[in-house]
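See structure below.
Along the sequence shown, residues are numbered consecutively beginning with 1. Scope of the values below: all heavy atoms of this structure, side chains included, with no hydrogens, waters or symmetry mates.
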Amino acid sequence: MARVLVVGAGLTGSACAARLRGMAPGRLEVFYEELLSHGILEPLTAPIEGMVVKEGSHNYMAPQGTSSVVEYYLKQSGADVFYEHHITQISLRDGKWEVSRKMGLPEQFDIVILTMPVPQILQLQGDIVNIINESQKHQLESVSYSSRYALGLFYEASTQIDVPWAAQYITDNPCIRFISIDNKKRNIESPEIGPSVVVHTSVTFGHDHLDSDPAEVQQLILNHLESIVPSLPKPASIKCQKWRYSQVTKAVPNCPGQMTLHTQPLLICGGDGFTHSNFDGCIDSAMSLVEAIKSHL
């Protein structure tokens, strides 16, 4: 049995692993049906101010957070999952891929699937540097991402947040683009669970403050948040998260959801950088990866 490594335990990587094991459905609409039937997704019914709704489209939310979708597919895949393993180089050794990481000994695999952001693929060292041909390198280098900050405010149980919406898109603020009363958006309000507020910054703010001091960025976001929602109570705790690779603004051109870098042994890459940054894009890439892998087996 081939030893397969999937680098990147996000939506594309987890769905790809589950599909390879034969547990995930094969068509996009079936993915939704399965997740809905298991309660991983539910229809979005909470009031979202400023959301543009396309005719014929359906909106969903994950009651236990987006990570619950990834966890569902990882469980289906039966894969051994290791977090915080920083891959540094990939090289050919005796017909297999030898994969090195910052900590620990190198390991060998028959197939390697890369689903991390495209710039991180280009940062890898070893034989992969020369395996990626000039045309592929040019395609990969053309990919661009937006950068954002997300701020989480967490409150004690029974705290009341008095706003008429569950989430709101902001168009007239230089810092903030989206605010969500997260438990209200997910329909899980409970007297035992304190509310939480999630704030996403604009692309411009993320770009301008990408390398700024995190404490200063957090305070800037809080200042803008207070001007938009002055009635917010003081949180029990705050977490500020920087997303250097938030959303794909330009995907790999002329590429059907994946790119094969080497065939024997197989080295292949995919992810939202090869489609677009939403659930559909990640699943499309996962299915493209699986079809390409099967064609090489």
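Remark: the backbone N or O of Ser100 is paired with a side-chain donor or acceptor of Thr88 at under 3.5 angstrom. Between the side chain of Tyr155 and the backbone N or O of Pro233, at least one donor-acceptor pair lies under 3.5 Å.
Here the closest heavy-atom approach between residue Val143 and residue Ala251 is recorded as CG2-C, 4.0 Å. When all heavy atoms are compared, the tightest approach of Pro253 to Gln139 is O-NE2, 2.7 Å. Taking each heavy atom of Ser135 and Asn133 in turn, the nearest pair found is N-OD1, 3.1 Å. Nearest approach of Ile48 to Lys185, heavy atoms of both residues: CD1-CG, 4.3 Å. Here the shortest heavy-atom pairing between Ile40 and Pro63 reads O-CD, 3.3 Å. The shortest non-hydrogen separation linking Ser288 to Gln258 is O-CG, 3.7 Å.
Atoms CD1 and CD1, on Ile176 and Ile228 in that order, are 4.0 Å from each other to the nearest 0.5 Å. Atoms CD and CD, from Glu98 and Gln108 in turn, are 5.5 Å apart once rounded to the nearest 0.5 Å. In this structure, OG on Ser227 lies 7.5 Å from CG on Leu225, to the nearest 0.5 angstrom. For the atom pair CG (Leu266) and CH2 (Trp97), the distance works out to 9.0 Å, reported to the nearest 0.5 Å. Atoms CD and CD1, on Glu107 and Ile87 in that order, are 8.5 Å from each other to the nearest 0.5 Å. Taking CD from Gln136 and SG from Cys269, the interatomic distance works out to 7.5 Å, rounded to the nearest 0.5 Å.
Taking a 6.0 Å sphere around CD of Glu84, one finds it holds 12 or fewer heavy atoms contributed by other residues, nucleotides or ligands. Within 6.0 Å of CD on Glu226 lie no more than 12 heavy atoms contributed by other residues, nucleotides or ligands. The number of heavy atoms from other shown groups lying within 6.0 Å of CG (Asp162) does not exceed 12. More than 12 heavy atoms of other residues, nucleotides or ligands lie within 6.0 Å of CD in Gln241, so this atom counts as buried by the packing criterion.
Contact annotation: the side chain of His296 approaches that of Thr260 to within less than 4.5 Å [non-hydrogen atoms, C-beta and beyond]. With a 4.5 Å cut-off on side-chain heavy atoms, Phe205 and Arg177 do not count as touching. Thr249 has its side chain out of reach of Tyr145: every pair of non-hydrogen atoms, C-beta onward, lies at least 4.5 Å apart. Counting heavy atoms from C-beta on, the side chains of Ile90 and Val7 never come closer than 4.5 Å.
For the ring pair (Phe, Tyr, Trp, His ring centres under 6.0 Å) test, residues two or more places apart in sequence or in another chain that qualify with Phe82 are His85. Residues forming a side-chain contact (heavy atoms from CB on, under 4.5 Å) with Lys54 (at least two apart in sequence, or on another chain): Ser57. Applying the salt bridge (charged side-chain N to carboxylate O under 4.0 Å, His left out) rule to Arg186 yields the partners Asp182; only residues at least two apart in sequence or on another chain are considered. Lys96 pairs by the side chain to side chain donor-acceptor pair (under 3.5 Å) definition with Asp110, not counting sequence neighbours.
Note on residues 256-284: no pairs pass salt bridge (Lys or Arg N to Asp or Glu O under 4.0 Å), not counting sequence neighbours.
Applying the side chain to side chain donor-acceptor pair (under 3.5 Å) test between Gln76 and each of Arg21, Glu34, Arg19 identifies Glu34 as the sole match.
Aromatic ring pairs are classed by plane angle as parallel below 30°, tilted from 30° to 60° and perpendicular above 60°; the pair Phe279 and Tyr32 is tilted.
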Exercise. Stepwise, does the side-chain contact (heavy atoms from CB on, under 4.5 Å) test hold for Arg148 with Thr201?
Worked result: CA-CA 6 Å; Arg148 296 176 189 268; Thr201 67; 3.9 Å; yes
Exercise. Given Val99 and Phe109, is the side-chain contact (heavy atoms from CB on, under 4.5 Å) satisfied, shown in steps?
Worked result: CA-CA 8 Å; Val99 180; Phe109 300 89; 3.8 Å; yes
Problem set entry | Gln89/Gln125 under side-chain hydrogen bond (donor to acceptor under 3.5 Å, both in side chains): CA gap, chis, key distance, verdict | CA-CA 4 Å; Gln89 63 179 45; Gln125 300 299 305; over 6 Å; no
For this session: Apply the test side-chain contact (heavy atoms from CB on, under 4.5 Å) to residues Arg93 and Asp127: give CA-CA distance (whole Å), side-chain angles for both, the deciding distance (0.1 Å), then the verdict.
Result: CA-CA 10 Å; Arg93 294 287 185 272; Asp127 292 339; 3.9 Å; yes
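Under the 4.5 Å side-chain heavy-atom criterion for grouping Ile, Leu, Val, Met, Phe, Trp and Tyr, Val217 is connected to Ile238 within one hydrophobic cluster. Side-chain heavy atoms closer than 4.5 Å link hydrophobic residues (I, L, V, M, F, W, Y) into clusters, and following such links, possibly through other members, connects Leu220 to Tyr149. Note: the hydrophobic cluster containing Ile179 does not contain Met61 (ILVMFWY, side chain heavy atoms under 4.5 Å, direct or indirect links).
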Residues 117-124, side-chain donor-acceptor partners within the protein, below 3.5 Å, at least two apart:
none

